[in-house]
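Below: the structure, in C-alpha cells.
Values reported hereafter were calculated over all heavy atoms of this structure, with side chains retained and with hydrogens, waters and symmetry mates removed.
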Amino acid sequence: MKDSQPHTARLETPDVIASYVKRIEAAFGVLREQLEAYRPDAIIFVGDDQEDMFDERCNPAMCLYTGDEVWGSEAPFYVERPPIESRIHLPVHKELAGHLLEELLVAGFDMASTSVMKPLGRHPERGTSHMIVYPAKRLVPKLDVPIIPLYLNCYFPPLPTAARCWQLGEALARILSDRKERIAIYASGGLSHDPTGPRAGWIDTPLDQWILDRIATNRGRDLQQLFTMDSATMRGGTGEIRAWIVAAAACQWKGEVVDYIPAHHAKTGIGFAYWPQHSKD
C-alpha cells in the first residue's frame, strides 16, 4: 500500500530518481576504472541465486560453477519470454574454478559444484542469476575477462551464517595468494531491502551505513555478528549482505566507499565500495 511507505519515499520525485540512475552509473564507472587499472585475469562473482540456477529440488548453500561459460538474459524482468538475442555469454576460468573447488574442500568447505549450464529455476530461459548478468557489461564492457560464479543461498532458509561467509572469504584469500593470476572478487547484492515482503520500500539506513563504515575502517570482522538473531530487517533481500561479507573477509584492509543510495522506489539500499590494490594498512 502506498501509505505504508516511509515518508521519505515521497521525496523521490522523477528528477530525484533520475539522479539516482546517474549516480549508479557513475559508481559503476568508478568500479570499472578500478578493474581496468588492476587488469584481472579472472573475476569471481559472489552473490545470490533467486531460483534461477536452482530450485527446491537442489538449493545448495554455496556452489561453484566450473563449466566453460555461463549465459543470461539482459531483458527486463517483466518480459516473460526473453528472446535469445537478449542473452550475454561470459567465459569461465575453468581451470581456476576447478582449483578453487579442490582447495576449498581441503579447507573444510563441502562446496557444491556444477559444470553444466542448465537452469532449474522458475524461468530457465533467463539463464544465470542477475547478480552476474546485470553488472557484467558495466564492469567489463567487452565481456573479455573470464569469470568464476560463486553462488550463495541468501534467501531460502536455512541460510549460511555470517561467520561461515567470513570464513569462506578468508579461505579464498589464502588459496588465491599462491596463484600467479591477478584475481578480482566482486560481491553482487544489495544492502537492506525486502522487495517482495512486508518491508518492501523500507530501507534500514543505519544498518547500511554501519556496514559501509566497517568496510571503510577495516573492521569487517564485526560483520560476522550479522544474522545471529531473527529480525524483520534481516530477512528477505537483506540476506544478500552475505556476499559483501565474503569480499570483506578476502580483502582485510581499508576499503573506499563510492556511494550509498537509500532508494525507496528501487526498494533497496544501494551501496558501492572497493578495496584499493595496495592499501593494507
Side-chain angles (χ1 to χ4, degrees), residues 27 31 34 43-50 61-63 100 104 107-109 111 129 131 135 150-177 183-195 199 202-263 268-277 279-281:
L31 300 187
Q34 291 295 316
I43 303 172
I44 300 174
F45 276 78
V46 184
D48 66 308
D49 179 80
Q50 296 180 29
M62 303 174 181
C63 180
L100 280 175
L104 284 169
F109 287 85
M111 182 74 61
S129 170
M131 74 94 169
L150 202 173
Y151 302 102
L152 294 179
N153 177 15
C154 297
Y155 275 87
F156 309 103
L159 301 165
T161 65
R164 191 57 171 162
C165 292
W166 183 266
Q167 293 166 3
L168 174 60
E170 289 189 320
L172 289 174
R174 289 194 302 270
I175 295 168
L176 296 174
S177 65
I183 312 299
I185 298 177
Y186 179 76
S188 184
L191 294 172
S192 64
H193 66 297
D194 187 19
R199 290 180 59 80
W202 288 82
I203 309 297
D204 192 335
T205 300
L207 171 65
D208 295 346
Q209 292 177 334
W210 180 84
I211 291 169
L212 293 173
D213 177 68
R214 265 52 193 175
I215 290 172
T217 57
N218 192 23
R219 290 184 288 170
R221 287 187 176 277
D222 294 347
L223 301 178
Q224 296 179 85
Q225 305 305 315
L226 295 172
F227 308 110
T228 57
M229 62 171 287
D230 188 24
S231 165
T233 298
M234 304 305 290
R235 298 174 190 166
T238 304
E240 294 177 6
I241 292 170
R242 288 173 172 84
W244 290 70
I245 295 172
V246 173
C251 305
Q252 294 188 41
W253 56 88
K254 291 180 180 180
E256 295 284 344
V257 175
V258 178
D259 203 353
Y260 171 69
I261 306 170
T268 308
I270 303 172
F272 295 89
Y274 67 90
W275 284 265
Q277 297 181 41
S279 296
K280 296 187 180 182
D281 53 328

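- Considering every non-hydrogen atom in both N218 and Q252, the closest pair reads OD1-C, 3.3 Å.
- Side-chain contact check for I211 versus L226: some heavy-atom pair is nearer than 4.5 Å.
- Residue pairs that meet the salt bridge (Lys or Arg N to Asp or Glu O under 4.0 Å) test with at least one member in residues 162-174, sequence neighbours left out, are E170-R221.
- For the side-chain hydrogen bond (donor to acceptor under 3.5 Å, both in side chains) test, no residue two or more places apart in sequence or in another chain qualifies with T238.
- Every residue meeting the side-chain contact (heavy atoms from CB on, under 4.5 Å) condition with L31, not counting sequence neighbours, appears here in chain and number order: L139, Y186, V258, F272, Y274.
- The structure places CG of D204 at 10.0 Å from CG of L191, a figure rounded to the nearest 0.5 Å.
- One distance of note links CD1 of I241 with NE2 of H193; it measures 8.5 Å at 0.5 Å rounding.
- From L212, atom CG reaches atom CD of E256 across 12.0 Å, with rounding to the nearest 0.5 Å.
- The side-chain contact (heavy atoms from CB on, under 4.5 Å) search around N153 returns N59, F156, L159, P160, not counting sequence neighbours.
- Residues that satisfy the side-chain hydrogen bond (donor to acceptor under 3.5 Å, both in side chains) test with Y151, not counting sequence neighbours, are T128.
- Here the closest non-hydrogen pair linking E240 and G190 is OE1-N, 2.7 Å.
- Rounding to the nearest 0.5 Å gives a distance of 12.0 Å between CG of L150 and CG of D49.
- Here the CD1 atom belonging to I245 is positioned 5.5 Å from the CZ atom belonging to F227, to the nearest 0.5 angstrom.
- Using modelled atom types, no side-chain atom of T268 and backbone atom of I270 make a donor-acceptor pair closer than 3.5 Å.
- A salt bridge (Lys or Arg N to Asp or Glu O under 4.0 Å) check over residues 206-216, counting only residues at least two apart or in different chains, returns the pairs D213-R219, R214-D222.
- In plain terms, the two heavy atoms of I203 and G269 that are nearest each other are CD1-N, 3.5 Å.
- What you find for V257 and A273 is that their closest heavy atoms are CA-CB, 4.0 Å.
- Listed for the W253 side chain is a donor-acceptor partner under 3.5 Å among the backbone atoms of P276.
- Two residues are said to be in side-chain contact when any heavy atoms from C-beta on lie closer than 4.5 Å; I215 and W275 meet this criterion.
- Within the model, atoms CD of Q209 and OH of Y260 stand 6.0 Å from one another, a figure rounded to the nearest 0.5 Å.
- Counting only heavy atoms from C-beta outward, the side chains of F45 and S129 never approach each other to under 4.5 Å.
- The residue from V246, L104, L152 that alone fulfils the side chain to side chain contact (heavy atoms under 4.5 Å, CB included) condition with M62 is L152.
- Nearest heavy-atom pair across A171 and F109 is CB-CE1, 3.8 Å.
- A donor-acceptor contact shorter than 3.5 Å is absent between the side chain of W166 and the backbone of Q224.
- Residue A247 comes nearest to A187 through the heavy atom pair CB-CB, 3.8 Å, listed as atom of the first residue, atom of the second, then distance.
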Requested in this report: Show your working on side-chain contact (heavy atoms from CB on, under 4.5 Å) between L207 and M234 and close with a plain yes or no.
Outcome: CA-CA 10 Å; L207 171 65; M234 304 305 290; 3.8 Å; yes
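- No side-chain heavy atom of V46 sits under 4.5 Å from any side-chain heavy atom of L168.
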